[in-house]
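In what follows, every heavy atom counts, from backbone to side chain, and hydrogens, waters and symmetry copies are set aside. Every chain is numbered from 1, with letters handed out A, B, ... down the list of sequences.
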Amino acid sequence: MDQIIADLTIELNHTTGKLLPESSLMEVFSTEQWRLKRIIASMGLNASDGEDVLQDVSIRALKQSKADSLTALSSREDNIKWLIRVTVNRCLMEHRSRRTFRRNAGEILKRRLETKTASKPAIENVIVAEELEIVRESLQKLDDSLLAPMVLRYFCNLNSKEAGEILALSPSAVRIRLREARIILAKQLLERGVD
Amino acid sequence: MEKYCENIEQMLVDYADEQLSPSDSSKVAEHLARCEHCRRLLAGLQKSLELAGIIWADSLAETENIRIPTTKIRKIRWLRYAAIAASILLVTTVSVVWHTLTRPKLNELTFAEIERKITESGSAARLLAAAELLSDNPEAETIVKQQYQHIVETYPETAAAAKAKLRIK
């Protein structure tokens with residue numbers, strides 16, 4: 001019943017033109033979807049699973065904004081962090097077997113070449129394809145606890161402190177995990193004879 | 001691999017990310033100048049990150065088509081309430097129809113039933129009238145009582161049966 005009353009109140013406020021209490025978080029969600037998509041993509045979820053994750057995050061954001069409206073409104077930065085944290089956690093919840101960087105190296109290269117005017121020599125493409133395949137496999141095998149810091153640090157351009165706040169880790173713990181993940185990827189590449 | 005290389009390895013990622021202090025950075029640079037193993041590892045760190053970036057970017061191209069309009073969420077909520085209301089309506093309708101179809105037909109009398117009841121009432125009334133005429137004769141007391149009893153047992157739903165019960169008492 002409370003839920004219905006809350007929804008009715010929001011709808012009424014909306015129609016009468018009053019400022020929506022949840023507008024800040026939902027607005028942040030709208031404007032920051034690109035960032036959340038980067039996380040989803042780099043965590044290895046496909047478009048279908050990614051859409052589920054994003055839908056869940058949006059619903060959680062709506063609920064959270066109602067909870068916020070009863071207390072104090074959060075800052076934009078806090079809202080962004082909250083959204084990233086929920087998205088990362090939601091991605092981690094997805095079953096590991098569902099994680100798949102779907103396209104193989106050959107397809108990735110083909111897509112990249114289609115978007116570039118100058119193509120590399122065929123032999124060079126073969127080498128890159130092999131290297132991409134190794135890293136793709138390594139990313140798939142990488143533990144979630146190592147993948148998440150890598151994604152936030154290197155694909156979302158967050159520093160260790162920001163990534164740590166999202167993952168509930170200290171900045172030093174983030175650095176340790178980053179080192180471990182990077183060394184694993186590098187060594188697997190070198191072990192397969194790539195210099 | 002030298003023992004010293006193991007220590008450097010711990011710093012290589014930070015070195016590649018330019019997160020080391022100037023003094024530590026110099027130490028690593030000096031070591032790299034004379035250690036091919038660590039130079040290869042550094043190259044591997046850089047290359048693997050570059051390739052990971054390509055893979056992530058490729059996955060992103062697929063994910064970018066996802067559209068989650070925020071206004072849709074409110075519609076989903078209203079749809080949910082509409083669905084709940086529709087469910088309640090459906091259950092109520094089904095319940096009413098079910099009760100209508102399955103309730104006992106207590107008040108529905110057929111013409112045959114009405115005719116039977118009239119016949120019984122008439123018969124009972126005639127028997128009662130006859131019994132009351134006989135009741136004036138003291139010798140017929142036993143027969144009258146049997147008659148009343150017969151009316152009560154054979155036509156229990158009639159008005160005559162009710163009167164016969166009173167007479168018996």
Could you state whether B/Leu133 and B/Ile143 fall into the same hydrophobic cluster, counting links through intermediate Ile, Leu, Val, Met, Phe, Trp or Tyr residues with side-chain heavy atoms under 4.5 angstrom apart?
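Cluster IDs for B/Leu133 and B/Ile143 differ.
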
Quick one: do A/Ile176 and A/Leu169 end up in the same hydrophobic cluster if we chain Ile, Leu, Val, Met, Phe, Trp and Tyr together by side-chain heavy atoms under 4.5 Å apart?
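Different clusters.
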
Other residues, nucleotides, ligands: >12 heavy atoms within 6.0 Å of B/Ile84 CD1:
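Yes.
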
More than 12 heavy atoms of other groups within 6.0 Å of B/Glu115 CD:
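No - once you tally the heavy atoms of other residues, nucleotides and ligands closer than 6.0 Å, there are 12 at most.
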
Would you say the side chain of [Y] lies within less than 4.5 Å of the side chain of [X], judging by non-hydrogen atoms?
| X | Y | value |
| --- | --- | --- |
| A/Leu178 | B/Gln19 | no |
| A/Arg175 | B/Val13 | yes |
| B/Ile55 | A/Leu132 | yes |
| B/Leu51 | A/Leu189 | yes |

With a 4.5 Å heavy-atom cut-off (strictly below), which parts of residues 154-167 of chain A touch chain B? List them by number.
A/Tyr154, A/Phe155

Residues in side chain to side chain donor-acceptor pair (under 3.5 Å) with B/Arg39, at least two apart?
none

So which residue, B/Ser48, B/Ala16, B/Gly44, ends up with the most heavy-atom pairs under 4.5 Å with chain A?
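Max contact count across the listed options: B/Ser48.
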
Among B/Leu45, B/Asp14, B/Leu41, B/Leu12, find the one that has a side chain to side chain contact (heavy atoms under 4.5 Å, CB included) with A/Arg182.
B/Leu45

Can a salt bridge be assigned to the pair B/Asp58 and A/Arg136 using a cut-off of 4.0 Å between side-chain N and carboxylate O?
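So B/Asp58 does not pair with A/Arg136 through a salt bridge.
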
